2 protein chains.
Amino acid sequence: MQGIIAARRDGRTHTEEELRTLARTAADGSAPDYQLSAWLMAAYLNPLTPQETAWLTLAMADSGERLHLEGLPKPWVDKHSTGGVGDKTTIVLLPLLASCGLTMVKMSGRGLGITGGTIDKLGSVPGLRLDLAPEEMIAQARKIGIALTGQTPALAPADKALYSLRDATATVDSIPLIVSSILSKKIAAGAETVVLDVKCGSGAFMPDEREARRLALALAETAKLAGLRLRIAITDMNQPLGRCVGNSLEVAEAAEVLRNEVSAQGPTARFRELCVHLAAMTLAACGAASDTLEGRMRAERALVSGEALGKAQSWFEAQGADPGVLQTGLGLGAAPFCLTVPNEGAAGYVAGVDAATVGRVVLGLGGGRANKEDEIDPTVGVEVHVTVGAFVEAGEPLFSVHARTREEAEAAARDLRRGLTVSATEAFPGPGLILGEI
Amino acid sequence: MQGIIAARRDGRTHTEEELRTLARTAADGSAPDYQLSAWLMAAYLNPLTPQETAWLTLAMADSGERLHLEGLPKPWVDKHSTGGVGDKTTIVLLPLLASCGLTMVKMSGRGLGITGGTIDKLGSVPGLRLDLAPEEMIAQARKIGIALTGQTPALAPADKALYSLRDATATVDSIPLIVSSILSKKIAAGAETVVLDVKCGSGAFMPDEREARRLALALAETAKLAGLRLRIAITDMNQPLGRCVGNSLEVAEAAEVLRNEVSAQGPTARFRELCVHLAAMTLAACGAASDTLEGRMRAERALVSGEALGKAQSWFEAQGADPGVLQTGLGLGAAPFCLTVPNEGAAGYVAGVDAATVGRVVLGLGGGRANKEDEIDPTVGVEVHVTVGAFVEAGEPLFSVHARTREEAEAAARDLRRGLTVSATEAFPGPGLILGEI
């Protein structure tokens, strides 16, 4: 290990063998944490080349089991988001695409800070199992075309070892390390095509659009070298995605989209649009549709016909939950206190709803984790009733706060008001939802 | 800690407070190793400024107890060498300077690799205690002006925590980290004046003279900012220092110098010259002599008169050993097998005796540690009978190997021959013993 650390330290190019040794010793615990973290800092300051990143990605994917999807219907597809405020896309996209005939096998993570995690959101559904073993994943995907689990030590354990050190060692913001961490898990989970949503804005891991584009390019380059088909959308995260932020609230909003009960305007429509856009991209990318226009039509049909909802119900049922929760929302639980926050100023146009502010408020209400060990409350959260560019009357509701106490709700309301800007004149609508594609 | 690591990572200047936090949490164990090693790698790649190095030095010195020498006769002096092959200078210099009226209180280290450690050398003396508690150090220094101990966790524990990670994390060769490690221990041990021998050559930690000069300058600059009076000699380590390399052999050679039984030519004379030179520098630096010429005369007088030997005997006795060992060498132990290696070629001039080769041979014989946990054999070693520039007849002895078995001795002899160059014509004598002074 000293030699491998020294090579990175001096900016020498690693051999494939060195990166295999790194991944193997990280996975089996024979490299102590203090050596891994010295390597991580050296890799932060002397970034890996695209070829090194691809080798590390494959080495980490091979550091544990790999899911073998042979025998399951192709295409084998996975979906990933770099995380944002209110991003519950996976809960819609998996059944939507599975209902179009794709095999969707996915390992999801937990949230940290202001960005939630799919596992926490689905954790609010009573009975839903999120700890499937590799063989259960395969069996379920064979039956219904869809399986989702939390991170398991069986897949890409080298990534787990390295990832768990990065926050404490200030080595999170390294593009090659981010790329290899994301892609190694996708490869270990057996995907051949991956659709990736790189979020960009105040509520995202990458606030800066140039940085987000750099990350997207690095992901594309490494995926190509590693033999993975990857399509990327760079999407806006300056305002929250959809109406609901908070774990059980987001499941309920995803269910609204699956039931196709969404009005044409407003926050949930914006979230639905992202789901349809990503679905169209994916269908075109893996050849299930001839182009994105055909993909879009197939995705719309799946939502309108109820096929996506039906697939979601089979999915929830297969993993142990009552599928009725998608119809009624019953059993999701509700916070004891709900406070509506009206527009106390004059009528005007919404110039901004700061996603980071909303994220921090939900974190403060108990709906997220400031530290890895924190318990979360699945019922708390915020509904955002407006989108940027909308006209709001005086007194019209802006937010609903779901909290454990009146005091917490009122504190949240104060913070939320500071994150919202209303302008007397029609505001520049800002960049659209989709900022770019690769 | 994340903030401190991120500051170093981004090359921002640390505050004094940040470095105090680093030292405190390293010392009390509240910062985990993986965070310390991430910081170390960041500090390797974004080196500390002289002011930051001085702050870290003082913070590490304050991370445990500090020896308070108040009430002991001034000047309070310490001596340090960056380590080399055959460097037993401390064993002569401490009693020599104490016999001139200086208070010599010193914490010494163990050896690793081809460079030995004073503690290992003195460890070959039966009965000699090298684990004095702080209060024992003070009491003994008050009585006889001299006290030496192995590294104690009481002094500069932050340095111990950081130092123990550096080898495994490939962060050894960082000048600011080396400087703060050396000086923090000197300050914690109470010295006001320090004489420092920076070794340079194949058998030294710094083979390259420019690097050694850079280290010396950094030491001088940091010492000034930290309020420590420091004198530095940069000295040659391309050939071994003195005749003996190996633990008990080196104690015996130091005793020869203290008894003033050294012929005017040859390896031991070269070692004695370094002792006198460093003693003269020290006496002048702390004002005990008006200049180095007077210092040299006082040092010579202490050796010739037997005062230095008398002080060494008091010292050994105070720390539990039989002082007679300095007269007779009895009790030091001898290796079972001794092999003399003659000049098998034609007569000629010695063009080189490679210090690193001799160091590796002694390590191979069992006289050093390849790894921190290795046990050492105090009796094995090599005597080098020639110095660079000397004329050797055919058949004249070049080395004596002290080994556990004939096989090991013969293997050592083969290696030693490869490290020696004899030239038919008078060889360039090479750089002198003293390469520079600061």
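Predicted model, so just to flag it, every value in this text is computed and none were measured. Below, chains carry the letters A, B, ... as their sequence lines are ordered, and counting in each starts from 1.
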Chain B contact via A:Asp167 - which portion, at a heavy-atom distance below 4.5 Å: both
CE/A:Met41 to OG1/B:Thr171 distance, rounded to the nearest 0.5 angstrom? 12.0 Å
For atom CZ of A:Arg110, is the number of surrounding heavy atoms from other residues, nucleotides or ligands below 6.0 Å larger than 12? no
Closest heavy-atom pair, A:Ile5 versus B:Thr169, reported as atoms and distance to 0.1 Å, is CG2-O, 3.3 Å
Would you check if the side chain of A:Arg9 reaches a backbone N or O of B:Ala170 as a donor-acceptor pair within less than 3.5 Å? yes
Is the count of non-hydrogen atoms from other residues, nucleotides or ligands lying under 6.0 Å from A:Phe205 atom CZ greater than 12? yes
Need one label for B:Leu40: side chain, backbone, both or neither, based on atoms under 4.5 Å from any heavy atom in chain A. neither
What pair of heavy atoms forms the shortest contact from B:Tyr44 to A:Asp10, and how long is it? OH-OD1, 4.2 Å
About how many Å separate OG of A:Ser37 and CH2 of B:Trp39, when rounded to the nearest 0.5 Å? 13.5 Å
Without swapping roles, check the side chain of A:Gln35 against the backbone of B:Ala168 for a donor-acceptor pair under 3.5 Å. yes
Got A:Asp33 and B:Asp33 here, is their nearest side-chain heavy-atom distance under 4.5 Å? no
